[in-house]
Amino acid sequence: METATLGRGRIVTRVLTICGSVFLWGLAFVLLSGSAAADNWGGNIDHDCDETIYAQCVAKRADMKFWFNSNLHWKKKDAHRSAATSEYNNHGSNNGEVQLTETSTKNQSHIRIRQSDAGLNGAWAWGYCPSGSDSGSYGSNKKWCEPQNIVWNEEYSAYYDSDPKKRAIACHEFGHVYGLRHRANYCMKSQPTGSDQDLGGHDMNCITTYYPTSTNGLLISTEPPHGQDCS
Amino acid sequence: MTRRLLLINAVPIALIAVALAAGTSSTDPGAFWRSASLTAVQAEHYASLGDMTRSADAVVVGRLASVSPGRTFADADGFKNHYASARILVDEVLAGSLPNDWVLEIPVPNEAKTGFIEDEISPNRAILFLRSKEKEARSLGLGAKRQAAEAGYYRLVTFEAVINEHHGQAEPVRRTEEPFIDFGSRPFSAVVDEIRDSR
């Protein structure tokens, strides 16, 4: 009887030991997985557009139609028309199948451009994915949304009063719609001047990488080639 | 039995200790600030930390306390620009001055995202370079009524104008814009001293 009790006690102890061990291993696994995820979180934030809050994303397609809100000043409209024609549509194979054309029908547009008394937020113009945009992803860290909005902030209009500056801003914001990030040179500078009206070669290469002719201008389904930093 | 128990569980216990240590350190304190920015052509641009310090209306060391839906600016046609209001617990004012009651405004173009931002608050200390919207309204020549309406509202001088403390090191939220491209690795306290010296 005493032996049986001792045996039962040993079994209980062993079961508890095994359970405790399994629990500890499990806890260690969960914690380590969690910290790995935390380590990566935010690393691709600049390319997200849905899960993260305001970050710009890439476009769904290279061939897009832009639409002007009726309140947009004609000089800003001209700046966008000029940037579309000179920087995005006429680079042949350098720009893949990029084609920006104007439409007067809002519902058919992929890019909607307006000006706004948007408050003193420190920004002359910006692009974003508005509520209700269609969105999706490809690869592990690239996301698209459609349509995208471009807003010119009238609060700061005194700062971009010249036509060349407007043209540089139009080039810049179209670049963001395609997924280009800020660069040190050309129109993707964080604060382009009137002499920064053009896309750089690096920017064109990134657009070609994102929207190659082989996919009919739709987003590629794989990541850009290794070493191609389009951020 | 106790020895065997210890031997069996030593490895997972060690792993848990490592995971807990890593967990407290691996949270990205810059995620919130990167989210709270626009991909924009910005009104301000600085080549150096000293320039940014001297231009700012205030430079503080503080922590994000809370974020909530803030003001909305609406156009005549109904288009709306939303802002979130961030409350900062200030440890120290390094340069300039602040009123007792002030709010840091963050633009939120997509209204539906306003609620998510609170989930990303980092408890880390940070250096914030601030612009008074009241003073900005004055310098832009906006009327007295508008200037008064902006009293107590601040923004970051640029969307990159935040330096987080991360393991005692100074960590800019982005290293893609000046003056942070060649920022390198520096203790947070050294950057605080540099800012104090450059006032």
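Reminder, nothing fancy here: chain letters follow the sequence lines and each chain counts from 1. None of the values given here were measured: they were computed from a predicted structure.
Put simply, of A:E154, A:R114, A:Q191, the one with the most heavy-atom pairs under 4.5 Å next to chain B is A:R114. The greatest number of non-hydrogen atom pairs below 4.5 Å with chain B, out of A:S70, A:G132, A:A123, is found for A:A123.
Under the 3.5 Å distance criterion, the side-chain polar atoms of B:Q42 are left unmatched by any main-chain donor or acceptor of A:G122. Under a 3.5 Å cut-off, the side chain of B:T39 and the backbone N or O of A:G127 do form a donor-acceptor pair. With hydrogens and angles disregarded, a donor-acceptor distance shorter than 3.5 Å links the side chain of B:D75 to the backbone of A:D117.
Residue contact with chain B, scored on non-hydrogen atoms closer than 4.5 Å, involves the backbone and the side chain of A:A118 alike. Heavy atoms closer than 4.5 Å to chain A are found in both the backbone and the side chain of B:A137. For A:N69, the part sitting under 4.5 Å from any heavy atom of chain B is the side chain, from C-beta outward, and nothing else. With a 4.5 angstrom heavy-atom cutoff, B:E178 does not touch chain A via any of its atoms. For A:Q115, the part sitting under 4.5 Å from any heavy atom of chain B is the backbone (N, CA, C, O) and nothing else. Residue B:L156 does not touch chain A at all, counting heavy-atom pairs closer than 4.5 Å. In this structure, chain A has no heavy atom under 4.5 Å from any part of B:Y153.
Contact detail for A:L120 and B:Y83: the closest heavy-atom pair is N-OH, 3.9 Å.
One distance of note links NE2 of B:H82 with OG of A:S131; it measures 7.5 Å at 0.5 Å rounding. The structure places OG of A:S157 at 9.0 Å from CG of B:L140, a figure rounded to the nearest 0.5 Å.
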Walk me through it: do B:V41 and A:W152 pass the test side-chain contact (heavy atoms from CB on, under 4.5 Å)?
CA-CA 10 Å; B:V41 175; A:W152 292 68; over 6 Å; no
Can you check side-chain contact (heavy atoms from CB on, under 4.5 Å) on B:N81 and A:N153, steps first, answer last?
CA-CA 10 Å; B:N81 298 277; A:N153 195 348; over 6 Å; no
Verdict with supporting geometry, B:F79 and A:V151, side-chain contact (heavy atoms from CB on, under 4.5 Å)
CA-CA 11 Å; B:F79 181 80; A:V151 178; 4.0 Å; yes
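Crowding of B:D182 atom CG: a count of heavy atoms from other residues, nucleotides or ligands under 6.0 Å not exceeding 12. A:Y186 OH: 12 or fewer foreign heavy atoms inside a 6.0 Å radius.
The pair A:E155-B:R146 meets the salt-bridge criterion, with a side-chain N (NZ, NE, NH1 or NH2) lying under 4.0 Å from an Asp/Glu carboxylate O.
Contact annotation: the side chain of B:F73 never approaches that of A:N121 to less than 4.5 Å [non-hydrogen atoms, C-beta and beyond].
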